[in-house]
Amino acid sequence: MDVSAREMAALLEQRLRALDFVGFAELFAEDAVFEYPFEHPAWPASVHGRAAIAEHLAGSRKEIRSLIELTGVETTVHETTDPEVVVLEHVAVGTTVATGQPFRFASGVGVVTVRDGVVVRYRDYTNPLGAAKATGRLTEFAAGIASSA
């Protein structure tokens, strides 16, 4: 499947909306790199290889369906001067399961490099504070930050 960076952005958004993290990773090259340029207390700075990316994404988000009901992912795609690179702004919309409260937050920005129809690099500038609030895990997140300091 030879798709452009813009077309790949739509495929990535579909998988995110479905909370299909293994399917999300299937869009990556065998030797792709997934990076978190901003530190997260529970996640590595980078993950190498499609299988490891799938394992990381599925494992780190395995409880997500019990914490939130995701009703939408709104993605704004910004094309760059490099046809292989797009910038994705994601907004997550849904309801926190424990409280029934709706949420809407800028969940992150992804800088995605697509070559030969697959993602070769994904830099995820995620919003862990927004995610912690939406999932009702702000206390755990704060404790993770405190223990990593």
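Because the structure is predicted, anything quoted here is derived from the model rather than measured.
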Examine V47 and I64 and state if one hydrophobic cluster contains both, with Ile, Leu, Val, Met, Phe, Trp and Tyr joined whenever side-chain heavy atoms are less than 4.5 Å apart. yes
A5 and P83 have their tightest heavy-atom pair at CB-O, 3.5 Å
Closest heavy-atom contact between T71 and G94? OG1-CA, 3.5 Å
Can you list everything that forms a salt bridge (Lys or Arg N to Asp or Glu O under 4.0 Å) with E79? Sequence neighbours excluded, please. R6
Interatomic distance, CG@L88 vs CG@L16, rounded to 0.5 Å, equals 8.5 Å
Give a yes/no verdict on a cation-pi contact between R50 and F28, requiring under 6.0 Å between NZ or CZ and the six-membered ring centre and an angle within 45° of the axis. no
Salt bridge (Lys or Arg N to Asp or Glu O under 4.0 Å) against E84, all qualifying residues, sequence neighbours excluded: R115
Which of these passes side chain to side chain contact (heavy atoms under 4.5 Å, CB included) with V87: V77, T76, T80? T80
I'd like to know if V120 and V111 are part of one continuous hydrophobic network [Ile/Leu/Val/Met/Phe/Trp/Tyr, side-chain heavy atoms within less than 4.5 Å]. no
Does a side-chain heavy-atom distance below 4.5 Å link T95 with Q101? no
Hey, what do you get for CG (L12) to CD (Q14), rounding to the nearest 0.5 Å? 9.5 Å
Please name the pair of heavy atoms, one in E140 and one in G136, separated by the smallest distance, quoted to 0.1 Å. OE1-O, 4.2 Å
Verify the cluster assignment for L19 and F24: are they in a single hydrophobic cluster under the rule of side-chain heavy atoms below 4.5 Å apart? yes
Closest contact, heavy atoms only, F21 versus A58: CB-N, 4.0 Å
Report yes if the side chains of H56 and W43 come closer than 4.5 Å at any heavy-atom pair, otherwise no. yes
Rounded to the nearest 0.5 angstrom, the CG-CZ distance for D31 and R121 is 13.0 Å
In this structure, would V91 and L70 fall into the same cluster of hydrophobic residues linked by side-chain contacts under 4.5 Å? no
Run the side chain to side chain contact (heavy atoms under 4.5 Å, CB included) test on L27 and R15 for me, step by step, so that the C-alpha distance in whole Å, both residues' side-chain angles and the decisive distance to 0.1 Å come before the verdict. CA-CA 10 Å; L27 299 171; R15 307 286 168 93; 3.7 Å; yes
Less than 6.0 Å separating the ring centroids of Y36 and Y122? no
Quick check on the hydrophobic clustering: are V3 and V119 connected, directly or via other members, by side-chain heavy-atom contacts under 4.5 Å? yes
Closest heavy-atom pair and its distance - E13, V73: OE2-O, 2.9 Å
Please examine the side chains of E74 and V93, heavy atoms only from C-beta on, and report whether any two atoms are closer than 4.5 Å. yes
What do you reckon, are the aromatic ring centroids of F105 and H90 less than 6.0 Å apart? no
So do the side chains of I53 and L57 get within less than 4.5 Å of each other, counting heavy atoms only? yes
Could you tell me whether the side chain of I68 reaches within less than 4.5 Å of the side chain of T135, counting heavy atoms only? yes
Check whether S4 reaches the backbone of E7 with its side chain - one donor and one acceptor, N or O, closer than 3.5 Å. yes
Flag side-chain contact, heavy atom, 4.5 Å: H78 against V86: no
Quick one: pull up OG in S46 and CG in D124 and give me the separation to the nearest 0.5 Å. 12.5 Å
